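Take a look at the structure set out below.
Quick note: numbers below take in every heavy atom, side chains included, and nothing from hydrogens, waters or symmetry partners. Keep in mind that this is a model prediction, so the values were computed, not measured.
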Amino acid sequence: MTAGEFKQVYFSLHPKLYRVACTILKQAEDAEDIVQDAYCKLWDDREKLLGVQKPEAYCVTLVKHLCLDFLRATKAVQNNRQIDDYDFPDHSNDVENRMESKETIRRIKSIIRALPEKQQRVLNLRGFADCSPEEIETITGESAVNVRVLLSRARNTLKMKLNN
């Protein structure tokens with residue numbers, strides 16, 4: 001697909017795509033960013049677009065999915081709880097057990113704070129913000145494989161240092 005064909009078919013859809021994004025997001029600036037992202041994706045996949053029978057429906061669906069991903073990521077970031085924000089309940093009546101629990105929690109917090117930044121962020125998002133791996137990918141921009149590796153390394157470091 002040439003640049004001229006792309007412009008003719010897809011740029012004419014801009015007003016509709018913008019309205020869809022605005023309706024979902026309720027923010028003009030965010031809607032414009034989403035539509036821009038959609039155009040970048042469309043341009044990158046322009047050779048595949050030759051087989052699209054209904055470009056308008058295809059684009060509206062793409063924008064809708066980008067908006068929903070954006071909302072999920074925004075929600076996850078807003079609900080992002082860090083380990084320092086988390087209150088670990090202690091139901092023990094034994095003073096010695098309470099003291100031991102508090103010391104273990106202090107050690108865990110210290111170990112997590114010492115992790116590399118990306119590992120900390122992935123561990124916090126997964127363990128304390130209760131984000132799914134897909135949401136973590138969206139928030140951090142890391143690939144699925146990298147998210148799993150970062151999470152695994154963080155957990156292994158935590159286990160190793162707790163057992164020492």
Q. Should Tyr58 and Leu42 be marked as a side chain to side chain contact (heavy atoms under 4.5 Å, CB included) after you check the CA-CA gap, both sets of side-chain angles, and the distance that decides it?
A. CA-CA 10 Å; Tyr58 182 84; Leu42 289 167; 3.7 Å; yes
Q. Can you tell which of Ile136, Val122, Val147 makes a side chain to side chain contact (heavy atoms under 4.5 Å, CB included) with Glu142?
A. Val147
(Q) If I take atom CG from residue Asp45 and atom SG from residue Cys40, how far apart are they, to the nearest 0.5 angstrom? (A) 11.5 Å
Q. To the nearest 0.5 Å, how far apart are CG in Asp69 and CD in Glu134?
A. 10.5 Å
Q: Using atom types as modelled and distance alone, determine if a side-chain donor or acceptor of Thr23 lies under 3.5 Å from a backbone N or O of Arg19.
A: yes
Q) Would you say Arg126 and Pro133 make side-chain contact, with heavy atoms under 4.5 Å? A) yes
Q) Would you find more than 12 non-hydrogen atoms of other residues, nucleotides or ligands less than 6.0 Å from Glu103 atom CD? A) yes
**Q.** Nearest-0.5 Å distance that lies between atom NZ in Lys41 and atom CG in Leu66
**A.** 6.0 Å
Q: Tell me, yes or no, whether the heavy-atom count around Glu47 atom CD, taken from other residues, nucleotides or ligands under 6.0 Å, exceeds 12.
A: yes
Q: Report the C-alpha distance between Phe11 and Phe6 in whole Å, list the side-chain angles of each, state the deciding distance to 0.1 Å, and finish with yes or no for side chain to side chain contact (heavy atoms under 4.5 Å, CB included).
A: CA-CA 7 Å; Phe11 279 13; Phe6 183 85; 3.6 Å; yes
Q | Asp33 side, atom CG; Gln27 side, atom CD - distance, nearest 0.5 Å | A | 11.0 Å
(Q) What's the separation between atom CZ in Arg155 and atom CG in Leu115, rounded to the nearest 0.5 Å? (A) 12.0 Å
Q.
For Thr61 and His65: C-alpha separation, side-chain torsions, deciding distance, then whether side chain to side chain contact (heavy atoms under 4.5 Å, CB included) applies.
A. CA-CA 6 Å; Thr61 302; His65 287 278; 3.3 Å; yes
Q) Passes side chain to side chain contact (heavy atoms under 4.5 Å, CB included), Arg153 versus Lys118? Steps please. A) CA-CA 11 Å; Arg153 286 181 182 168; Lys118 286 183 179 182; over 6 Å; no
Q.
Applying a strict under-4.5 Å side-chain criterion to I, L, V, M, F, W and Y, I'd like to know whether Leu50 and Leu13 cluster together.
A. yes
Q) Would you call Gln120 and Leu123 a side-chain contact if the rule is heavy atoms closer than 4.5 Å? A) no
Q. When hydrophobic residues are tied together by side-chain contacts of less than 4.5 Å, even through go-betweens, does Phe70 share a cluster with Ile24?
A. yes
Q) Quick one: do Tyr18 and Leu62 end up in the same hydrophobic cluster if we chain Ile, Leu, Val, Met, Phe, Trp and Tyr together by side-chain heavy atoms under 4.5 Å apart? A) yes
Q | Donor-acceptor contact below 3.5 Å, side chain Glu5 vs main chain Thr2 | A | yes
(Q) With heavy-atom distances below 4.5 Å as the criterion, would you say the side chains of Tyr10 and Leu49 are in contact? (A) yes
Q. Can you name the closest pair of heavy atoms from Ala144 and Glu137 and give their distance?
A. CB-OE2, 3.3 Å
Q) Quick one: does Arg107's side chain have a donor or acceptor within less than 3.5 Å of a partner on Thr104's backbone? A) no
Q | Nearest-0.5 Å distance that lies between atom CG in Leu17 and atom NZ in Lys64 | A | 13.5 Å
Q: Verify, without hydrogens or angle tests, whether Ser152 (side chain) and Arg148 (backbone) share a donor-acceptor contact under 3.5 angstrom.
A: no
